[in-house]
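A quick note: this is a predicted structure, and the numbers were derived from the prediction, not measured.
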Amino acid sequence: MSEEKSLNFIEEIIEADLASNNCASISTRFPPEPNGYLHIGHSKAICLNFGLAAKYGGTTNLRFDDTNPVTEETEYVESIKEDIKWLGFNWTNELYASDYFDNLYAFALELIEKGLAYVDDSTSEEIALLKGTPTEPGKPSEFRSRSIEENRTLFTEMKNGVYKDGEKVLRAKIDMVHTNMLMRDPIIYRIKHAHHHRTANKWCIYPMYDFAHGQSDSIEKITHSICTLEFIPHRELYEWFIEKLNIFPSRQYEFARLNMTYTVMSKRKLLQLVNEGYVNGWDDPRMPTISGFRRKGYTPLSIRNFCEKIGVARRENMIDLSLLEFCLREDLNVTAKRVMAVLDPIKLVITNYDADKTEELTAENGPDEAMGTRTIPFSNTLWIEREDFMEVPAKKWFRLAPGSVVRLKNAYIVKCESFEKNDNGDISTIYCTYYPESKSGNDTSGISVKGTIHWLSAAHAATAEIRLYDRLFKVENPSAEEGDFKSFINPDSLTIIPKAYIEPSLTKVDLEERFQFIRKGYFCLDKDSTPEKMVFNRTVTLKDTWGKIAD
RNA sequence: UGGGUUAUUGUGUAAAGGUAGCACUACAGAUUUUGAUUCUGUCUGUCUUGGUUCGAAUCCAGGUAACCCAACCA
């Protein structure tokens with residue numbers, strides 16, 4: 001028996017459409033506005049749209065919803081394309097709503113000819129006032145009854161640049177007392193004497209979202225136009241235009257957007273974090289942007305798996321950050337090369353090991369034997385992690401303490417004989433003896449140890465700056481807290497270790513490589529690295545059972 | 001005081017009138033030259049009140065709660 005994976009509600013709709021021959025094949029689109037960087041919430045929409053088309057043998061267009069020239073820039077177009085490609089998706093066509101400005105203009109004219117659109121000279125305030133409120137009906141504007149001829153002339157003049165910004169708008173003539181505010185004669189064209197990133201100065205009137213989106217879907221013969229819940233009220237308008245214009249009937253379906261704990265997702269808030277210097281740009285590894293996750297060391301597969309696991313439904317959700325981290329570790333655990341690094345060093349001297357001697361020891365690169373091995377230098381003076389020694393050991397302490405034995409990973413078992421403190425009372429050096437017959441790989445010592453720690457030969461270790469990232473916010477849902485969301489920023493979201501020790505093998509790595517610094521977490525090279533100074537980012541920690549016990 | 005949408009364990013998500021399942025988290029144990037991984041196990045749930053039915057998360061009626069809608073933004 002093959003186990004049947006249950007379908008999400010959109011898949012059910014698609015399968016029903018396909019089965020009933022409602023459509024021969026499906027076509028979806030991902031329609032970002034190029035006014036900012038993509039974030040993890042967008043990846044849910046990307047995986048959904050591209051994933052659905054792939055599953056049912058359809059197509060997916062990338063369409064930039066660029067109907068507002070004042071907020072949109074080519075820089076964003078480029079970053080969006082890069083992010084989608086990085087996630088591993090290929091679009092069928094790269095399109096722009098601005099490609100359809102001529103069509104859209106013709107549609108507007110058609111509505112005017114049908115008596116379904118009119119030019120309104122009212123100010124923005126007057127229009128808002130007459131629109132009513134959700135609980136009070138709207139009233140018609142004095143310009144609502146203009147003749148078709150007059151509307152045609154006026155709209156043509158709007159297009160020809162006769163009027164200034166805000167002087168006139170084109171409105172659909174629907175119903176001023178409709179319970180859906182969006183149906184109360186929505187504005188469909190406004191005047192903006194602004195430079196557009198693609199059409200330059202060709203136009204001074206631009207269609208509104210509602211007049212562009214559905215028709216663009218229709219022109220592209222998109223069968224399933226998938227968007228987020230807040231567009232539910234727009235669906236009625238979306239269908240109204242398609243019906244009145246009698247064009248290809250694309251259908252809109254809505255799903256709940258992704259929310260995640262310990263971060264914010266709104267473009268407005270992310271922009272504030274960047275502009276007000278709380279983070280260092282859109283690709284700061286603490287940002288929930290795709291570029292931020294990429295720089296932090298996340299893999300495309302981990303994000304795709306995450307989007308698969310969170311599911312698709314219509315109820316509000318708040319996904320645990322831990323699920324994303326689980327998907328990340330799941331991937332990295334099998335792909336990341338194991339290496340050693342000491343972030344907070346303390347010196348360990350092996351008193352019975354020849355001070356002039358260096359040994360090349362063999363270490364496995366990963367759990368999969370196919371990843372091979374490498375050699376690492378060993379000598380009598382090592383760096384180990386300060387937290388791996390306790391002068392007075394706690395209960396269940398497996399690591400180093402006076403008189404205790406531990407294994408040095410890939411090397412020998414050592415016994416702590418004594419230690420020294422500096423003037424501040426901090427431990428400066430630990431003295432050990434080693435068991436020559438306990439060498440990793442052919443241990444004949446018969447000694448069993450509870451703990452294994454990582455180390456680096458002091459004479460051979462290279463150095464690097466290491467950046468440790470923690471969650472950006474102290475609270476699960478900063479947007480739901482009283483007061484400014486920025487007051488909940490975690491002050492320790494970034495810890496910089498200016499000089500940590502790393503294996504000499506790490507001096508030649510590139511940006512795409514992923515590492516597990518054994519016992520410390522997953523790391524990758526940061527783009528700030530120079531030949532003089534390497535910089536590593538911590539992608540995510542390892543799960544830490546001991547840390548919980550110690551607390 | 002309007003309209004729309006949604007309610008299943010701590011978090012997500014299944015169950016299309018018939019055993020409330022799966023994943024994450026948490027906790028416990030086994031294995032481990034990473035206190036990682038892996039493996040095993042445990043915990044907690046159908047918003048509420050009625051009704052229909054042999055049987056209801058599911059159907060019906062009434063409550064309640066949350067979210068969205070009054071940009072010339074998308």
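- Distance check on atom C1': B:rU44 versus B:rU6 gives 23 Å, rounded to whole Å.
- Using a 90° window around 0 for the glycosidic torsion, B:rA71 falls inside it and is classed as syn.
- Ring-plane geometry between A:F517 and A:F523 is classed as parallel, the angle between the planes falling under 30 degrees on a 0 to 90 degree scale with a further cut at 60.
- With a cut-off of 3.5 Å on both pairing distances, the Watson-Crick and G-U wobble pairs of RNA chain B assemble into stems of 3 or more at B:2-7 with B:64-69, B:10-13 with B:21-24, B:26-30 with B:38-42, B:47-51 with B:59-63.
- Under the 4.5 Å side-chain criterion, counting only non-hydrogen atoms from C-beta, A:I174 is in contact with A:P186.
- With A:Y163 as the aromatic partner, A:K168 meets the cation-pi criteria of under 6.0 angstrom to the ring centre and within 45 degrees of the ring axis.
- Less than 4.0 Å separates RNA chain B from at least one heavy atom of each of the following residues of residues 156-179 of chain A: A:G166, A:V169, A:T179.
- Remark: A:E385 does not engage A:R399 in a salt bridge, criterion side-chain N to carboxylate O under 4.0 Å.
- Nearest heavy-atom pair, A:E359 versus A:K439, reported as atom, atom and distance to 0.1 Å: OE2-NZ, 2.8 Å.
- Using a 4.0 Å heavy-atom distance criterion, A:D320 is classed as a base contact.
- Using cut-offs of 30° and 60° for the angle between ring planes, the A:Y353 and A:Y434 rings count as perpendicular.
- Neither side chain, A:E72 nor A:Y96, offers a donor N or O lying under 3.5 Å from an acceptor on the other.
- For the C1' atoms, the distance linking B:rG18 with B:rU34 amounts to 49 Å, nearest Å.
- The C1' atoms of B:rG63 and B:rG29 are separated by 47 Å, rounded to the nearest whole Å.
- Using the six-membered ring where Trp is involved, A:Y206 and A:H196 have ring planes that are parallel, under 30° apart on the 30 and 60° scheme.
- Within a heavy-atom distance below 4.0 Å of RNA chain B, no residue of residues 255-267 of chain A is found.
- Residue A:I518 is in base contact, counting any heavy-atom pair closer than 4.0 Å across all strands shown.
- For A:K415, the NZ atom sits in a loose shell: 12 or fewer heavy atoms of surrounding residues, nucleotides or ligands are nearer than 6.0 Å.
- Residue pairs meeting the side-chain hydrogen bond (donor to acceptor under 3.5 Å, both in side chains) criterion with at least one member in residues 28-39 of chain A, sequence neighbours excluded, are A:T28-A:T60, A:R29-A:H213, A:R29-A:S225, A:E33-A:N35, A:E33-A:T71, A:N35-A:K267, A:Y37-A:E75.
- No donor-acceptor contact under 3.5 angstrom links the side chains of A:Y435 and A:D443, judged on distance only.
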Start with the C-alpha gap between A:L348 and A:W455, add the side-chain angles, then the distance that decides, and say whether side-chain contact (heavy atoms from CB on, under 4.5 Å) holds. CA-CA 9 Å; A:L348 184 152; A:W455 54 272; over 6 Å; no
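- Residues in residues 304-317 of chain A take part in these side-chain hydrogen bond (donor to acceptor under 3.5 Å, both in side chains) pairs, two or more places apart or across chains: A:E254-A:R314.
- Counting 5' to 3', RNA chain B first comes under 4.0 angstrom of a heavy atom of chain A and last does so at the ends given by B:rG2 to B:rA74.
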